[in-house]
Asker: 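Following this message is one structure expressed as structure tokens.
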Amino acid sequence: MSQINRIDGGQIDRSKLLSFTFNGREMHGHPGDTLASALLANGQILVGRSFKYHRPRGILTAGSEEPNALVQLRSGARQEPNTRATVTELFDGLTATSQNHRGPLEFDLMAVTDFASPFLSAGFYYKTFMWPRAFWEKLYEPAIRSSAGLGRLSMQDDPDHYDKGFLHCDLLVIGAGPSGLAAALTAARSGARVILADEDFTPGGRLNSETLSVDNMAGADWARMAVAELASLPNVRLMTRTTVYGAYDHGTYGALERCTDHLADSGGKPRQVLWRIYSKRAVLAAGATERPIAFGNNDRPGVMMASAVRTYVNRFGVAPGKQVAVFTNNDDGWRTAADLAARGVSVVAIIDSRDKPAVCDVPGARHIRGAAVKDTVGRKALKSVTLTDGQVIPTDCLAVSGGWNPNVHLTCHQRGRPNWRDDLQAFVPGDSLPVGMQVAGAANGAMTLGAALAEGHAQAARQLDALGLTAKGSAPQAEDEPRDCAGFWHVKESAKRAWVDLQNDVTVKDIKQANREGFRSVELLKRYTTMGMATDQGKTSNIAGLAILAEDAGKTIPEVGTTIFRPPYTAIPIGALAGRARGKDFRPYRLTPSHKWASENGATFVEVGNWLRAQWYARPGEQGWRDSVDREALQTRQSVGICDVTTLGKIDIQGRDAAEFLNRVYSNAFLKLPVGKVRYGLMLREDGIAYDDGTTARMSENHYVMTTTTANAVLVFRRLEFARQCLWPGLDVHLISTTDGWAQFAVAGPNARNLLRKVVDEAHDLSNEGFPFMACGEVTVCGGMPARLFRISFSGELAYEVAVPARYGNSMMDVLMEAGREFDAVPYGTEALGVMRIEKGHAAGNELNGQTTALNLGLGGMVSQKKDCIGQTLSKRPEMNRDDAIRLVGFRPVDRSKKLIAGSHFITKGDEAIMDNDQGWMSSVAYSPSLGHSIGLGFIKRGHERMGEIVRAMSPVHDTEMEVEIVSAHFIDPEGDRLRG
Amino acid sequence: MADYSLISTPPLAGTDLRFGTCRITAPADLALVSLALPLSGEDAAQKAIAKAFGTALPDIGQSAATSDGSTTLLRLGLDQGFVMFTHATPDAERVVAAKLGGAAYTTDQTDVWCALDVTGPDCRRALERICPIDLHPDAFTIGSLARTTMEHLGVIVIRTDTDSFRLLSASSSAQSFLHAVETSFANVM
């Protein structure tokens, strides 16, 4: 097919021919074309099928407001549905297909839906598919989904890259039409840092589509000069193909830049970048959107917006029809007729709903005053229109103008409400704008070129003044074209369906029906009829829709009001919102210092927060994780095991008042902890619930090292920082995290001391007397390497934790394993660590779960009554100190072969298994290789007084029940002889 | 006692990547020691710092190099600063503490952080993909520093020269950090 509708002129590069396909048919266009302009040039008037009734549809607009011309772009994994042909830049090799039809576009089998339209009015699905209820999910919804909807997803991973970024400016100018360019020029010449963003690939806005002059030159030429000047200035960032889609707090804006969408291949670079723009001030110059008039069968291919017809003729050199008729309620529509006639396109008639004289002379066109179009003919392409007076006018393109709506969207993103202006018959920005924003040009109701340019300059000057800069230059000059407009929304004489929202197939009748059925609020109207939803968000339909609602309800348009405009202004791909955060890089990961060693030695890793920790180290011949874990736990208890415990939070605490500070944040006493000693500490929340536990070592008089749980490291640091800065600013205390700075290893088991003796330098006495349980100190290892040694034990064995600077951590793991070879030392992971702590009855995250108190944990004695601490007061509440409070105890299955289940609830034998009889729950379970059966920790009422009692452990989730015996939580070495040995 | 010795393997050691005219390197043997100014002892600490390094602890958000360029003082908060210098052995904290004679609290931060130096005329274009801070030459002058987040990672960004920045981030997430910075350059170069 050749470019049969191509005419002279336009801003396309005719020296280059681009090939593309639509539904497999090869077509041609030129650089500078959109897909829509190229389709029209090739005579492709029918481009898709409508959402609900599968009506043939063409191209309505020439911008991002397009409701009809939605296509699928590209193929394979890069296939993208619901792409607006009107803003898709043509490139060589582009492939597009039409959407929402079964069989070919021209013979859509689903078009039968259209004949059922009398039954398919607003609320049809809600009313019809109510019964039987069970049918909805399995039958009705899938059936409706397969027949409705628009494009199809590829169902493959998106192979493209996306990125995000941050920009800063003094002044953000949104929109590079006449007022935006004027504003940007003024600000740029005055030295401000300016960002000028526009969604089009050619800046200039309507200047590229009109034949109006600026500063005595063609508007498009002036725009090119202005852009060239802006591009040459170092203080300006010109961003084309960039939509500012949202106005957020404090002058922050969201913008989507389409970097490679206009290329056949992205070359491995991000396809789109989602920008966060921090602006000191902003000028919104978003322009205005022309609105249609609703009349019978106004959705036929060939019925277009009058301004779009001008755009195709003037900017793209395409005549959308050969015999064009214009239907308008305002002066602006006349310019379409004038421009067409000037380009040699035949204009058959100008139908003006107003009874007023011709606005301008259009050779060859009939002027029909005070009339309207009430119906059209032509299923796949317009053939004629019928007027209210009955005359039929043959035409293949009807250019419709219902007036202009200022694009106020971004002014409303922070709940601002627009104001109605009678003279424009449109909403303009309200009194409450986002902080730092001013609006200029058509977006602000300055509907003529001269006024738009003047206001762009003036608003920039105002913003510069606020920034402490002086505006330079003057406003570009242009004439004010006629702009009189009548409030005329739909043709009442139309007996046929008159479309308001073409994307959602909402008609005038649907709106009236919604009103009749009580959906009188505009917000309810939207949801009931779906008017204004989906990709175009009702840019062409909303105002007409609420005007019709107002008329039907006997109200004024401002009384009806608008729905809330929310970001995004145009659709933002989910891929762009995700940016780089996908797959392995979804979030950062943290590696322990011995990660390399662990990966070389068979470790399976587990995510603990952002950390990857060794969970167990499999050895050849082991049949599953239990084999590895049992071996690691047994071998540690029998000889010695080594575990990287770097992930536990480490906070360096220094200051003259550090002891007092610790005494206030821990529930137990810390004032008298001697230098060289470690103490276990418990922190409470303000409400008295247990918060976190850990150990704190006193390294010197004013120097402490606190350890926290891995999970709470950041939270505890933040809490301490808050306490230091806000609660007790009078204390001399300083905090800094050293979690990542020290590679710390637990060395546990009867041979722990023997192993360390080979690593710690000889000058240090490691004997039980010289370095007893809970001792700490600075030592050297491996011949002078500074290290820290703590004699603490989570496993219940004779154990130490030794720390070296993190960069030596991987090497330290090697050394410890090498030194431990004669003891058959074993590395152990988090699973064996968990097994051993359960065997020892130590509480961990499962027990400190935000519901339990010190009393529940059996640590009631650790809440000192001799001093104050965070949480102490509220921990005294009677409910938290009931006689029948739950207590942490151990459990073992009566039938030792059974496996305990965490989360089971306890019921006293003989009681009915109902919530009222709930006695507590099992919090942690493990298989104890030392005992040869399953063991558990859990909370049960008065647990400490019920040793030996048999209760039922029930898990309705697993549908299990078993008898368990209440025992001491300390399954191994209850007297603690081992760790003190 | 067996003769064991420990080998240093900092997470980003040897990083040297080029993207057009830009370069990403990991500085070798970078030592960091934090300073905390004691409450009511701030003046004495400031004096001791000025005397020890020959340059005063700068204002918050600024860095200052010693006259021989061997050491840079970073001021991160009201009572917090960092001493940054090249020092291979694991005793950086002792070296600094010895100079200050107890006038400020010191903590070794060398292994807490990893560092990347990014240089080149286009490096701002790459950094704007991850850095929320305004790095415009007028807004972020040479010597300026800021604490921020990049790709969810805490980062200290320091402008070290006309088109050079040093980035410090947690050493445990060094690989994610390098990936974030590297991707930014790859995406724009």
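Order of the sequence lines sets the chain letters (A, B, ...), proteins ahead of strands, with each chain counted from 1.
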Asker: Name the member of H168(A), H161(A), R276(A) that forms the most heavy-atom pairs with chain B at distances under 4.5 Å.
Answerer: H168(A)
Asker: Please look at T89(B) and chain A and tell me whether the side chain, the backbone, both or neither of the residue comes under 4.5 angstrom of a heavy atom of that chain.
Answerer: backbone
Asker: What part of L78(B) lies closer than 4.5 angstrom to a heavy atom of chain A: side chain, backbone, both or neither?
Answerer: neither
Asker: Given heavy-atom pairs under 4.5 angstrom as the criterion, report whether the side chain, backbone, both or neither of A13(B) touches chain A.
Answerer: neither
Asker: Which bit of D108(B) is near chain A, if near means a heavy-atom gap under 4.5 Å: side chain, backbone, both or neither?
Answerer: backbone
Asker: Going by atom types alone, do H764(A) and T780(A) pair a side-chain donor with an acceptor below 3.5 Å?
Answerer: yes
Asker: Checking I133(B) against chain A: side chain, backbone, both or neither under 4.5 Å from a heavy atom?
Answerer: backbone
Asker: Tell me, for T646(A) versus chain B, whether the close heavy atoms (under 4.5 Å) come from the side chain, the backbone, both or neither.
Answerer: neither
Asker: Answer with yes or no after comparing the ring centroid distance for F605(A) and H595(A) against a 6.0 Å cut-off, counting only values under it.
Answerer: yes
Asker: For D761(A) versus V781(A), what's the shortest heavy-atom pair and its separation?
Answerer: OD1-C, 3.4 Å
Asker: If we define contacts as heavy-atom pairs under 4.5 Å, which of A139(B), A186(B), S184(B) has the most with chain A?
Answerer: S184(B)
Asker: Among I130(B), L135(B), V112(B), L153(B), single out the residue with the greatest number of heavy-atom pairs under 4.5 Å to chain A.
Answerer: V112(B)
Asker: Could you have a look at S40(B), P11(B), A180(B) and say which one has the most heavy-atom pairs with chain A under 4.5 angstrom?
Answerer: A180(B)
Asker: Side chain, backbone, both or neither: which part of A819(A) has an atom under 4.5 Å from a heavy atom of chain B?
Answerer: both
Asker: Taking the cut-offs as 6.0 angstrom to the six-membered ring centre and 45 degrees off its axis, would you call R258(A) and W275(A) a cation-pi pair?
Answerer: no
Asker: Looking at C259(A), P729(A), G165(A), which one has more heavy-atom pairs under 4.5 Å with chain B than the rest?
Answerer: G165(A)
Asker: Looking at H179(B), E151(B), Q80(B), M189(B), which has the largest count of heavy-atom pairs under 4.5 Å with chain A?
Answerer: H179(B)
Asker: Using non-hydrogen atoms and a 4.5 Å limit, figure out which bit of P593(A) sits close to chain B: side chain, backbone, both or neither.
Answerer: neither
Asker: So what's closer than 4.5 Å to chain B heavy atoms on L167(A): side chain, backbone, both or neither?
Answerer: side chain
Asker: Ignoring hydrogens and geometry beyond distance, is a side-chain donor-acceptor pair present between T25(B) and R18(B) at under 3.5 Å?
Answerer: no
Asker: If we count only N and O atoms by modelled type, under 3.5 Å, do the side chains of D652(A) and H703(A) hold a donor and an acceptor together?
Answerer: yes
Asker: Other residues, nucleotides and ligands only: do more than 12 of their heavy atoms fall within 6.0 Å of CG on D68(B)?
Answerer: yes
Asker: Out of N610(A), D740(A), T647(A), which one pairs with R590(A) under the side chain to side chain donor-acceptor pair (under 3.5 Å) rule?
Answerer: D740(A)
Asker: Based on non-hydrogen pairs under 4.5 Å, which of P38(B), P10(B), A174(B), C114(B) is most in contact with chain A?
Answerer: P38(B)
Asker: So, S144(B) versus T141(B): side-chain donor-acceptor pair below 3.5 Å or not?
Answerer: yes
Asker: For the residue pair D79(B) / Y105(B), report whether a side-chain donor-acceptor contact shorter than 3.5 Å exists.
Answerer: no
Asker: Side chain, backbone, both or neither: which part of M785(A) has a heavy atom under 4.5 Å from chain B?
Answerer: side chain
Asker: Where on T106(B) is there a heavy atom nearer than 4.5 Å to chain A: the side chain, the backbone, both, or neither?
Answerer: backbone
Asker: Under 3.5 Å, is there a donor-acceptor pair linking the side chains of R271(A) and Y162(A)?
Answerer: yes
Asker: Select one option (side chain, backbone, both, neither) describing which atoms of T110(B) are under 4.5 Å from chain A's heavy atoms.
Answerer: side chain
Asker: For Q109(B) and W113(B), which I'm curious about, is there any donor-acceptor pair between the side chains at under 3.5 Å?
Answerer: yes
